[in-house]
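Worksheet for the structure shown next.
The model shown is predicted, which means the values in this text are computed figures rather than measured ones. Chain naming here is simple, since letters A, B, ... match the order of the sequence lines and numbering starts at 1 in each.
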2 protein chains.
Amino acid sequence: MNIGEAAKKSGLPAKTIRYYEETGLIAPAGRTAAGYRSYSEADVHTLSFLKRARDLGFSVKDCAVLLSLYQDKNRSSADVKAVARQHIDRIVAKIEELEQMRSTLETLVSQCHGDDRPDCPILEDLAH
Amino acid sequence: MNIGEAAKKSGLPAKTIRYYEETGLIAPAGRTAAGYRSYSEADVHTLSFLKRARDLGFSVKDCAVLLSLYQDKNRSSADVKAVARQHIDRIVAKIEELEQMRSTLETLVSQCHGDDRPDCPILEDLAH
DNA sequence: ATAGGGTTTCCAGTTACTGGAAGGTCAAGG
DNA sequence: CCTTGACCTTCCAGTAACTGGAAACCCTAT
């Protein structure tokens, strides 16, 4: 099948599939006589795997690792788990950072009357 | 004062200050005879404002808006509040997205025995 | 033959810096 | 006066992961 169909089936934009190929995340696709990329169901499966992993927030580098573990029948599940754990840790840290921002911002916003007068606790906070 | 001292006082790296100047977020600094950038206390105040706004997660574009509101004595606090509210909304959306990922990942990780055997619910999830 | 859609490559833009190289400047010490 | 080390300058490249768009080729149906 052509890249458009592979894109539809995997959920990844065609542009992204080409990008993944160019950067070496996936092997170069086969080509038709006319030079069109050609994908098998197995290829689509791999692309869907990547789509799912990306949706879970794994970096492309993590995806490469996960993909190679997936394809390695002698893998240790501990290796997979370690990648996931680290990823969770990063997510949790990010959430905490965002919660902190949100909390501060909510306080400031609640203190700002938000009318046509210029005095504003938000700006006052930023200024000190 | 030179850029190094302005950097120390504002908390922004010198590289970042130059970058802000180059991209027009701040006005070009004055120069000494030798071509060194020269900063006043007022400049440092502006830089600190930006540092604080960035630490609260505002985009550089938002910072430009906030800065111009800050410098506009005829501003309406409603305008400031609107920028902050939108920013909070984006943060909240991001937190929800991350919480969703975290939740899914925690479930998968808890199901993975994490030893030297290859079977792994994490990979199985990604594969479907 | 032509119209439309799909495909190709390549280049540029996004966000907000950060690292590093090559070279000029300044103040202190000898 | 000279050197040394810390600053400063500009400029170029790289980061993460795409996304948009241009110019041109291909395929199918009417």
Side-chain angles (χ1 to χ4, degrees), chain A residues 1-26 28-39 43-44 47 49-67 83 86-87 90-91 93-94 97-98 101, chain B residues 1-26 28-39 43-44 47 49-67 83 86-87 90-91 93-94 97-98 101:
Chain A
M1 77 192 83
N2 287 344
I3 198 169
E5 198 179 339
K8 207 167 292 173
K9 284 194 182 178
S10 66
L12 289 174
K15 276 254 175 189
T16 299
I17 297 174
R18 288 192 200 100
Y19 170 75
Y20 285 170
E21 178 180 318
E22 179 186 318
T23 57
L25 178 58
I26 54 177
R31 299 285 182 138
T32 67
Y36 282 21
R37 286 177 182 79
S38 179
Y39 296 88
D43 292 334
V44 169
L47 292 171
F49 180 100
L50 292 173
K51 159 79 171 150
R52 173 78 175 139
R54 292 288 297 129
D55 282 351
L56 284 175
F58 285 104
S59 68
V60 168
K61 273 185 186 168
D62 278 350
C63 287
V65 172
L66 291 171
L67 200 51
V83 172
Q86 273 191 21
H87 181 42
R90 263 176 274 131
I91 288 175
K94 187 71 184 172
E97 186 189 339
L98 291 173
M101 289 177 187
Chain B
M1 78 192 80
N2 287 343
I3 198 169
E5 197 180 339
K8 208 166 292 174
K9 284 193 181 178
S10 67
L12 289 173
K15 275 258 176 188
T16 300
I17 297 174
R18 287 192 202 100
Y19 170 75
Y20 285 170
E21 178 181 317
E22 177 187 320
T23 57
L25 177 59
I26 55 178
R31 299 285 181 135
T32 67
Y36 282 21
R37 286 177 182 79
S38 179
Y39 297 88
D43 292 334
V44 169
L47 293 171
F49 180 100
L50 292 173
K51 161 77 171 150
R52 172 80 176 138
R54 291 288 298 129
D55 282 352
L56 284 175
F58 286 104
S59 69
V60 170
K61 273 185 187 168
D62 277 350
C63 287
V65 173
L66 291 171
L67 200 51
V83 171
Q86 273 191 22
H87 181 42
R90 263 176 274 131
I91 287 175
K94 187 69 183 173
E97 186 190 339
L98 291 173
M101 289 176 186

When you compare the side chain of B:Tyr20 with that of B:Arg54, does any pair of heavy atoms fall below 4.5 Å? yes
Over the length of the helix from C:dA1-D:dT30 to C:dG30-D:dC1, how much do the five-pair end axes diverge, rounded to 10 degrees? 30°
Distance, rounded to the nearest Å, where A:Met1 contributes CE and C:dT7 contributes P: 12 Å
Note, B:Val65 side chain near B:Phe58 side chain (heavy atom, < 4.5 Å): no
Is A:Met1 close to A:Val44 at the side-chain level, that is, under 4.5 Å between some pair of heavy atoms? yes
Restricting to nitrogen or oxygen on both sides, can you table the protein-nucleotides 1-3 of chain D pairs closer than 3.5 Å?
none

Report the distance from atom CG of A:Leu66 to atom NZ of A:Lys61, rounding to the nearest 0.5 Å. 14.5 Å
Quick check for you: to the nearest 0.5 Å, what is the distance between A:Arg37 atom CZ and A:Thr32 atom OG1? 10.5 Å
Is there a side-chain contact between A:Ile26 and A:Ile17, using heavy atoms and a 4.5 Å cut-off? yes
Separation of D:dC18 P from A:Leu25 CG (nearest whole Å): 9 Å
Got B:Tyr39 and B:Ile3 here, is their nearest side-chain heavy-atom distance under 4.5 Å? yes
Ion pair present between B:Arg90 and B:Asp62, side-chain N to carboxylate O less than 4.0 angstrom? yes
Rounding to an integer number of Å, can you tell me how far B:Lys51 NZ sits from C:dA16 P? 15 Å
What's the CD1-C1' distance between B:Ile26 and C:dA16, to the nearest Å? 14 Å
CG-CG distance between A:Leu25 and A:Leu67, expressed to the nearest 0.5 angstrom: 6.5 Å
Going by an N to O cut-off under 4.0 Å, is there a salt bridge joining B:Arg18 and B:Glu22? no
Going 5' to 3' through nucleotides 5-17 of chain D and flagging B where a protein heavy-atom sits under 4.0 Å of the base, S where only the sugar-phosphate is that close, and - otherwise, we get --BSBBB-----B
